[in-house]
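Numbers here are sequence positions counted from 1. These numbers come from the heavy atoms of this one structure, side chains and all, not from hydrogens, waters or symmetry mates.
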Amino acid sequence: MTAATDTPTVLVTRRGRVAELTLNRPDRLNAVSEQLYRTLIDELVAADEDPQVRCVVLTGAGRAFCVGADLKAHAAGTRSRADRQEYARLGQQACRQIQTMATPVVAAVNGYALGAGAELAVSADFLVIAEDARMGFPEVSIGTFVGGGVTHRLPRLVGLRRATDLFILGERFTGVQARDWGLAHSAVSAGELGDRAAALADSLAHKAPLALARMKAALRRDDPLNVALESETWDLLALMETEDWAEGVAAFSERRDPVFRGR
């Protein structure tokens, strides 16, 4: 097991309605540990349950977003089978939480996002990445396997052929490539990364939260056409019963910005 430490593995700051979660193991390039996963999951759940939080930004401290598994800790050989199962479970739970939570998540990727780090980044609703960042899935090349549901998610984002190349060949790719493939929302210089992610988060924080949550869920379901036509109708009718729907209609008529309250 990973040793306990007094240094928080995830730093949490609030900026208006945006919660910023920073992976905080810079001495290990933010390699994931059981404690990091547990803290990240707790903070993601807390943000999603807080009505004052309308967007989450996930980033990494220091020179990397996250280089994936802490191979030094794995190589020590002190983990039992139960420990390994818990580690895998936590990784899956962290990515599931990002993908399924109602609150939108922006991943701001600097430096390296490899293995489990790439899984966290790909799980986010929006990826803002430094042009010179490096992402990759090296798992097959080192005899292990990906997680976070990315075998389902990545082909939907970049296509099966490119996902096959990325998973099996394991070659690293840049932020510019991620943008050009449609994987990233935007690729910017490293110096602009924080500002661009913050601007996107602010935009998302002003969207109607109930409508946004339903849109996230609909996109995640990947329904066939007949099911989508039916579920869209029910989503629309449900939203038409909310105060936010009435506010959106009133703001449009009055030519002002709407103020959504999530009810």
With a 4.5 Å heavy-atom cut-off, do [X] and [Y] have their side chains touching?
{"X": "Leu120", "Y": "Leu40", "value": "yes"}
{"X": "Leu114", "Y": "Phe65", "value": "no"}
{"X": "Thr100", "Y": "Arg220", "value": "yes"}
{"X": "Thr242", "Y": "Trp245", "value": "yes"}
{"X": "Ser231", "Y": "Arg221", "value": "yes"}
{"X": "Ile129", "Y": "Met135", "value": "yes"}
{"X": "Glu131", "Y": "Thr174", "value": "no"}
{"X": "Val106", "Y": "Val56", "value": "no"}

More than 12 heavy atoms of other groups within 6.0 Å of [X] [atom1]:
{"X": "Asp257", "atom1": "CG", "result": "no"}
{"X": "Tyr112", "atom1": "OH", "result": "no"}
{"X": "Arg256", "atom1": "CZ", "result": "yes"}
{"X": "Met215", "atom1": "CE", "result": "no"}
{"X": "Arg17", "atom1": "CZ", "result": "yes"}
{"X": "Arg261", "atom1": "CZ", "result": "no"}

Strictly below 4.0 Å, N to O, side chains only: are [X] and [Y] in salt-bridge contact?
{"X": "Asp50", "Y": "Arg14", "answer": "yes"}
{"X": "Glu232", "Y": "Arg214", "answer": "no"}
{"X": "Glu86", "Y": "Arg38", "answer": "yes"}

Got a sec, which residues hit ring pair (Phe, Tyr, Trp, His ring centres under 6.0 Å) with Phe126, two or more places apart in sequence or on another chain?
His185
Among all residues two or more places apart in sequence or in another chain, which pass the ring pair (Phe, Tyr, Trp, His ring centres under 6.0 Å) test with Phe167?
Phe137
What do the steps show when you test Leu29 against Arg63 for side-chain contact (heavy atoms from CB on, under 4.5 Å), and what is the final call?
CA-CA 7 Å; Leu29 297 181; Arg63 299 186 294 114; 3.5 Å; yes
Rounded at 0.5 Å granularity, tell me how far [atom1] in [X] sits from [atom2] in [Y].
{"X": "Gln97", "Y": "Glu43", "atom1": "CD", "atom2": "CD", "value": "11.5 Å"}
{"X": "Ser123", "Y": "Leu58", "atom1": "OG", "atom2": "CG", "value": "9.5 Å"}
{"X": "Asp202", "Y": "Arg15", "atom1": "CG", "atom2": "CZ", "value": "4.5 Å"}
{"X": "Arg25", "Y": "Gln35", "atom1": "CZ", "atom2": "CD", "value": "10.0 Å"}
{"X": "Leu36", "Y": "Arg28", "atom1": "CG", "atom2": "CZ", "value": "12.5 Å"}
{"X": "Leu21", "Y": "Leu44", "atom1": "CG", "atom2": "CG", "value": "5.5 Å"}

Should [X] and [Y] be regarded as members of a common hydrophobic cluster, given that ILVMFWY residues are connected when their side-chain heavy atoms come within less than 4.5 Å of each other, either directly or indirectly?
{"X": "Leu204", "Y": "Val53", "answer": "no"}
{"X": "Val32", "Y": "Val45", "answer": "yes"}
{"X": "Val109", "Y": "Val158", "answer": "yes"}
{"X": "Leu237", "Y": "Val249", "answer": "yes"}
{"X": "Val188", "Y": "Leu200", "answer": "yes"}

Which atom of [X] lies closest to which atom of [Y], heavy atoms considered:
{"X": "Gly136", "Y": "Pro138", "result": "O-CD, 3.4 Å"}
{"X": "Ala19", "Y": "Ala47", "result": "CB-CB, 4.5 Å"}
{"X": "Ala133", "Y": "Asn110", "result": "CB-C, 4.4 Å"}
{"X": "Val150", "Y": "Pro155", "result": "O-CD, 3.5 Å"}
{"X": "Thr22", "Y": "Gly60", "result": "CG2-C, 3.8 Å"}
{"X": "Val18", "Y": "Ala205", "result": "CG2-CB, 4.3 Å"}

Looking at [X] and [Y], would you say the former's side chain and the latter's main chain have a donor-acceptor pair under 3.5 Å?
{"X": "Arg134", "Y": "Asp132", "value": "yes"}
{"X": "Asn30", "Y": "Ala64", "value": "yes"}
{"X": "Thr59", "Y": "Ala108", "value": "yes"}
{"X": "Gln92", "Y": "Gly148", "value": "yes"}
{"X": "Glu139", "Y": "Thr144", "value": "no"}
{"X": "Asp244", "Y": "Phe260", "value": "no"}
{"X": "Glu171", "Y": "Asp165", "value": "no"}

Could you walk me through whether Trp181 and Gln177 pass side chain to side chain donor-acceptor pair (under 3.5 Å), step by step?
CA-CA 6 Å; Trp181 296 340; Gln177 288 174 303; over 6 Å; no
Under the side chain to side chain donor-acceptor pair (under 3.5 Å) rule, what do Thr233 and Glu230 come out as? Steps first, then yes or no, please.
CA-CA 5 Å; Thr233 300; Glu230 185 73 14; 5.6 Å; no
Under the criterion side chain to side chain donor-acceptor pair (under 3.5 Å), I'd like the reasoning laid out for Gln93 against Arg89: C-alpha separation, chi angles, the key distance, then a yes or no.
CA-CA 6 Å; Gln93 186 178 347; Arg89 183 192 69 79; 2.6 Å; yes
Of Thr151, Leu154, Leu166, the one forming a side chain to side chain contact (heavy atoms under 4.5 Å, CB included) with Val146 is Thr151
Going through the checks in order, is the side chain to side chain donor-acceptor pair (under 3.5 Å) test met by Asp48 and Thr103?
CA-CA 6 Å; Asp48 200 33; Thr103 308; 2.7 Å; yes
Evaluate Arg84 against Glu34 for salt bridge (charged side-chain N to carboxylate O under 4.0 Å, His left out), listing each step before the verdict.
CA-CA 10 Å; Arg84 293 195 296 269; Glu34 288 91 336; over 6 Å; no
Worked verdict on Asp125 versus Lys216 for salt bridge (charged side-chain N to carboxylate O under 4.0 Å, His left out)
CA-CA 8 Å; Asp125 302 293; Lys216 275 196 62 168; 3.0 Å; yes
